[in-house]
Amino acid sequence: LMRMTRKLIEIRSILLSIDQSDSLKLPSIVVIGSQSSGKSSVLEAIVGHEFLPKGNNMVTRRPIELTLIHTPRKSGLDAEEYGEFPALGLGKITNFSQIQQTLTDLNLAVPASEAVSNDPIDLRIYSPYVPDLTLIDLPGYVQIASMDQPETLKEKVAALCDRYIREPNIILAVCAADVDLANSPALRASRKVDPLGLRTIGVVTKMDLVQPEQGVSILSNNRYPLHLGYVGVVCKPSKKNSQESPRTVARRGEDSYFGSHKDYFGSSSSLMVGTETLRRRLMEVLESSMASSLHGITNAVQLELEEATYQFKVQFNDRRISAESYVAETVDSLKARFRDFTSQFTKPHIRAKLKAMLDEKSMDVLEQLYWSDKRSEELTALATDVKVKPETVDSYWRYKLDAASSLLTKSGVGRDSTILVADGLRSLMETIASGEPFNYHPRAAERLIQFSHMILRDRIGVASDQVENCIKPYKYEIEVDAREWEDGRVNAIELSEREIQMCEGKLKEIKKRVGGGRYLNRLIAYVKLLEDQETDKKRLRRSQDEDAQDDAPNPLIDNYRYNPAHVLDARHAMLYSDRLSILKLRAAALKSKRCKGGPQNDVFCPEAFLNVVSTKLAYTAAMFINIELLDQFFYQFPREIDSRLIYDQDRNEILEFARENPVIRKHLDLQERKDKLEEVMKQLQSLSHFRKDSQPAPRRQ
Ligand code: GDP
């Protein structure tokens with residue numbers, strides 16, 4: 001039967017790790033008693049070591065799940081006895097005062113305001129001198145609350161104990177012999193949940209403090225009969241021999257007390273006395289209780305296992321995973337996504353992006369130098385006049401073209417184009433980092449961003465210098481052949497037409513907003529009037545004294561007739577229509593024979609010329625950005641993923657990482673639950689032949 005208890009204790013702790021639901025619980029012995037009833041002394045006598053927190057006000061504040069594991073004695077060697085806190089990962093602790101210190105620390109870590117915590121401390125003790133037992137030590141019932149304890153402490157302790165003394169647990173009710181059993185909070189609590197006393201053992205401590213007659217009467221179990229009986233013990237610590245173990249102490253105390261009252265407590269008396277008897281009794285009771293739980297628990301585990309197996313099939317199609325496999329998959333898919341995305345960064349793509357950026361710049365240059373130049377109509381007229389030769393054109397236009405070209409080539413193409421591509425990479429990384437599954441892994445996403453930025457930072461300077469260097473010749477001279485010219489001309493027409501459409505769109509919008517073309521025309525007339533008046537005023541001011549005629553109202557201008565927002569719209573509309581007429585002229589010029597005539601006509605067609613320049617710049621920039629930035633990034637990034645993202649983490653970090661993903665967490669949890677239930681089921685089945693032998697513990701009176 002011994003082996004069974006042991007197995008079941010193991011099974012019990014596996015079940016506890018699966019979940020805390022009552023249906024999957026195997027019995028444990030729960031130790032309750034009021035403060036100072038001698039609870040700690042009894043537990044220490046059973047374990048054979050002083051290990052529980054002592055001292056003023058050092059009441060137990062958290063339940064201690066104490067698992068005793070009997071280890072075989074190694075002949076010739078000093079018996080190895082040690083404790084372990086599995087949750088803390090401190091390893092074997094052979095020094096019991098260290099265990100005591102750890103328990104004290106854990107207790108003190110419970111905030112004073114909370115006083116007690118429901119969160120149990122898991123402590124295992126391995127020794128050849130302990131029986132296989134599970135005991136749960138609970139905070140002692142508070143009888144007289146001391147000044148510095150919170151009001152609610154009493155209720156909190158009682159509520160905590162109530163949770164633990166439920167079925168199927170066995171209640172070890174500790175009462176001091178010198179206190180009337182009627183006043184024992186432990187017995188009172190146990191009677192509430194176990195009125196017939198079927199699963200309660202009474203432990204009467206401090207037997208040495210009462211007369212033997214009285215002791216006999218308590219133990220003979222008549223006043224508050226318990227099915228499992230009462231055991232009397234003496235665990236008085238002897239101050240003189242503080243080196244001795246509690247077991248020795250108890251034995252000496254008990255030998256001297258029970259020994260000197262053999263007539264009352266001798267073997268013929270059938271009373272249960274002594275720590276040894278208590279230990280044996282606890283083993284018997286736990287064994288038989290476990291045995292009688294065996295059937296029920298087997299059924300419950302079977303049901304849970306079936307459910308878990310079903311869910312595993314339905315939800316995850318029986319696919320097994322591990323944290324490591326998840327990490328490996330994540331890395332693979334990250335690299336695959338990265339590769340997919342890099343197809344957006346081929347040379348033609350980059351060239352097109354840079355070209356668009358440079359076209360934008362050349363439009364700005366054209367606006368600045370040509371469209372807002374009052375003489376640009378003149379240029380268009382020159383272009384259509386067949387008599388004019390390019391060499392004879394006013395040098396004004398030659399200078400203008402040179403200025404436009406250098407504005408473009410000296411606009412910081414190296415920096416701007418490198419930054420443009422780097423920004424593209426950055427937003428690509430952001431897309432990856434914010435998408436599945438990195439939305440679940442904020443820290444990994446952060447790292448991803450960090451090291452991509454690091455690579456970019458490293459390369460941006462070099463790449464932009466390199467580009468700037470390589471476009472340097474274009475700052476001095478640009479040779480254009482006929483093909484390039486024709487392409488540039490066609491592109492320039494396209495761009496102007498796009499600009500024309502944009503202006504027309506804006507005008508249409510304004511018309512709609514102010515309520516029709518006619519009204520817009522009235523507004524425009526009004527604005528012109530305003531402008532004329534302004535210029536008149538200025539002229540007047542210059543010629544006359546400032547105070548003269550200043551506020552004379554103009555009868556034509558009525559300040560309240562128009563909505564100010566509409567007036568602003570009208571001003572914009574004027575700008576757009578001016579721009580439109582220039583653009584239309586220019587588009588016509590670009591389509592003219594003159595412009596079609598080839599690069600020697602560049603001075604008449606600056607749009608075409610600048611387009612050729614921006615193509616050349618884009619081509620060169622793309623080439624060097626590709627070498628200095630993209631190639632480097634695409635080479636380095638996957639290596640950073642390998643070396644920094646995940647693989648430098650230890651097993652726990654990998655587990656933590658995997659569990660950040662809720663789907664994976666659910667998968668792992670269910671898989672683990674199923675595995676554990678299977679394991680438990682296997683162990684339970686191997687025990688099933690014990691079931692036939694199991695019988696309730698014999699009644700002892
Ligand atoms: P707990 O508060 O219920 O854990 O009680 P303790 O085990 O700390 O014991 C309370 C007090 O009772 C301590 O001063 C112990 O020395 C004393 N005590 C415990 N067991 C016995 C015993 O069998 N006989 C006597 N005389 N005193 C005991």
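Whatever order the structure lists ligands and atoms in, that order sets their numbers, starting from 1. The structure presented is a predicted model; accordingly, all values stated were derived computationally and were not measured.
Asp675 and Gln671 share no side-chain donor-acceptor pair at under 3.5 Å.
Note: an N/O pair closer than 3.5 Å links Gly38 and ligand 1 by distance alone. The shortest N/O to N/O separation between Gln35 and ligand 1 does not fall below 3.5 Å. Residue Leu209 has no nitrogen or oxygen atom sitting less than 3.5 Å from a nitrogen or oxygen atom of ligand 1, judged on distance alone. Note: no N/O pair closer than 3.5 Å links Thr205 and ligand 1 by distance alone.
Under a 4.0 Å N-O distance rule, the pair Arg279/Glu276 qualifies as a salt bridge. Under 4.0 Å is where a charged nitrogen must lie from a carboxylate oxygen, and between Glu672 and Lys676 at least one such pair does. Between Glu10 and Lys7 there is no salt bridge, since no side-chain N of the basic residue sits under 4.0 Å from a carboxylate O of the acidic one. Residues Lys674 and Asp318 are not paired through a salt bridge, judged by the lack of any N-O separation under 4.0 Å between the basic side chain and the carboxylate.
The proximity of Val42 to ligand 1, defined as any non-hydrogen pair under 4.0 Å, does not occur for either the backbone or the side chain. In Ala176, neither the side chain nor the backbone holds a heavy atom less than 4.0 Å from any atom of ligand 1. Of the heavy atoms in Asp208, only side-chain atoms (C-beta onward) come closer than 4.0 Å to ligand 1.
Each of the atoms 1 (P), 4 (O), 7 (O) of ligand 1 lies under 4.0 Å from some heavy atom of Ser40. The distance from ligand 1 to the heavy atoms of Cys235 drops below 4.0 Å at these ligand atoms: 20 (N), 21 (C), 22 (C), 23 (O). Applying the 4.0 Å criterion to heavy atoms of Val234 picks out, from ligand 1, the atoms 23 (O). Applying the 4.0 Å criterion to heavy atoms of Ser36 picks out, from ligand 1, the atoms 1 (P), 2 (O), 3 (O), 5 (O), 10 (C). Under a 4.0 Å criterion applied to the non-hydrogen atoms of Ser34, ligand 1 contributes the atoms 3 (O).
The line from CG of Asn439 to CD of Glu660 is 11.0 Å long, rounded to the nearest 0.5 Å.
A distance-only check finds a donor-acceptor pair linking the side chain of Ser28 to the backbone of Thr134 [under 3.5 Å].
Checked against the 6.0 Å centroid threshold, Phe312 and His667 count as a close aromatic pair.
Proximity annotation for atom 7 (O) of ligand 1: of Ala177, Ser41, Gly140, Ser41 comes nearest, heavy atoms only.
Ligand 1 is never approached by Gly33 to a heavy-atom distance shorter than 4.0 Å.
Dense packing is recorded around CD of Gln315, with more than 12 heavy atoms of other residues, nucleotides or ligands lying under 6.0 Å away.
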